[in-house]
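Below, chains carry the letters A, B, ... as their sequence lines are ordered, and counting in each starts from 1.
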Number of protein chains: 2
Amino acid sequence: MDAGPFPFDVYEDQCPTRMVLDRLADKWALLLMLRLADGPLRFNQLRRDVKGISQKVLSQTLKKLERDGLVTRTVYPTVPVTVEYALTPLAQTLREPVEALTRWAESHMDAVQAAQQAYDAGAAAR
Amino acid sequence: MDAGPFPFDVYEDQCPTRMVLDRLADKWALLLMLRLADGPLRFNQLRRDVKGISQKVLSQTLKKLERDGLVTRTVYPTVPVTVEYALTPLAQTLREPVEALTRWAESHMDAVQAAQQAYDAGAAAR
DNA sequence: CTCCTTAGTATCCATTTGAAACCATGTTTC
DNA sequence: GAAACATGGTTTCAAATGGATACTAAGGAG
């Protein structure tokens, strides 16, 4: 059995595709990119919008996204200083796949929750 | 500014969509589902195929996927015992979105790596 | 002077992860 | 009969990560 329709074997260590996939498989990164898809936002605005994210994790995640070329960080010398985060054109190409994933989550979460309840009920019986 | 085209606000805590998304945003879960998309596999076969995963994490991740109704676990009373994991019909509907994500990773990893190198070079100068 | 805003960093502690050892079962090897 | 190997895991413990909270700096309002 081969690795499927992909030119690279994503199951190998060191596969660059896998490195990229590791970054995308991040709860906060996905939520932040979805939030920024509607337009640039500032640090504290993101923090208020994406509920539950801490300042530290927000800062770290934005830095990772910036390093990956998915987000730009622009500082305006106002007072207090304004920092605006925006998606890059590269991230725009990622918008459709990510939104497809959220659409799946939306339309299938009933099935997932039902499966969880059935599983938990069975586990209790064991 | 509203929450976008979604009926639920994925930026709210407690949003079921967000709970589902949290599960999907898992590096190993995504890789395992991709691997199983070609057909059922056994525990140690998965372990050998998806390089770098530990037995513990493989076991834990498969349990989560089973609980979410994405993977079935079938025990055959051979000797030694054979345990086969397979995607459910529900997981089959997830195959396309996930493969779209890997296709993106494949075709854009050059850009991501270039961005990383540029970022790191700039960070060294600072 | 005190409190508020901005965008973070620093610190501490809990949870998660990863590597390796161990377990139970049964077959083959020496 | 004892050692080694296969299966599919669980246990153990250190290390990395995540999250809550407090703090910084620079300036404006009262």
To the side chain of [X], which of [options] is closest?
X       : options              : value
B:Lys27 : D:dG9, C:dG18, C:dT6 : C:dG18
B:Val79 : D:dT7, C:dG8, C:dT27 : C:dT27
A:Arg73 : D:dG8, D:dG19, C:dA7 : C:dA7

Whole angstroms only, please: what is the [atom1]-[atom2] distance between [X] and [N]?
X       : N      : atom1 : atom2 : answer
B:Glu66 : D:dG8  : CD    : P     : 15 Å
A:Leu46 : C:dG8  : CG    : C1'   : 13 Å
A:Leu41 : C:dA7  : CG    : P     : 11 Å
A:Leu31 : D:dG19 : CG    : P     : 12 Å
B:Tyr85 : D:dT7  : OH    : C1'   : 12 Å
B:Phe43 : D:dG8  : CZ    : C1'   : 6 Å
B:Gln45 : D:dA6  : CD    : P     : 13 Å

Check for a donor-acceptor pair, side chain of [X] on one end and backbone N or O of [Y] on the other, with a separation under 3.5 Å.
X       : Y       : value
B:Arg35 : B:Asp49 : no
B:Arg95 : B:Ala37 : yes
B:Ser59 : B:Gln55 : no
B:Thr88 : B:Gly69 : yes

When you measure from the side-chain N and O atoms of [X] to the phosphate of [N], is any distance below 4.0 Å, counting only OP1 and OP2?
X       : N      : value
B:Arg48 : D:dA6  : no
B:Trp28 : C:dG18 : yes
B:Tyr76 : D:dG8  : no
B:Arg47 : D:dG8  : no

Exercise. A:Asn44 or B:Pro80: which one's nearest nucleotide on DNA chain C is closer to the 5' end?
Worked result: A:Asn44
For this session: Find out if a path of hydrophobic residues (ILVMFWY) with successive side-chain heavy-atom gaps under 4.5 Å connects B:Val75 to B:Leu46.
Result: yes
For this session: Indicate the atoms forming the closest heavy-atom contact of A:Trp28 with A:Val50, along with that distance.
Result: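 Smallest heavy-atom distance, with atoms named: CZ3-CG1, 3.6 Å.
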Seminar exercise, completed: In numerical order, the residues of residues 53-64 of chain B whose heavy atoms come under 4.0 Å of DNA chain C are B:Gln55, B:Lys56, B:Val57
Exercise. Is there side-chain contact between B:Arg73 and B:Leu62, with at least one heavy-atom pair below 4.5 Å?
Worked result: no
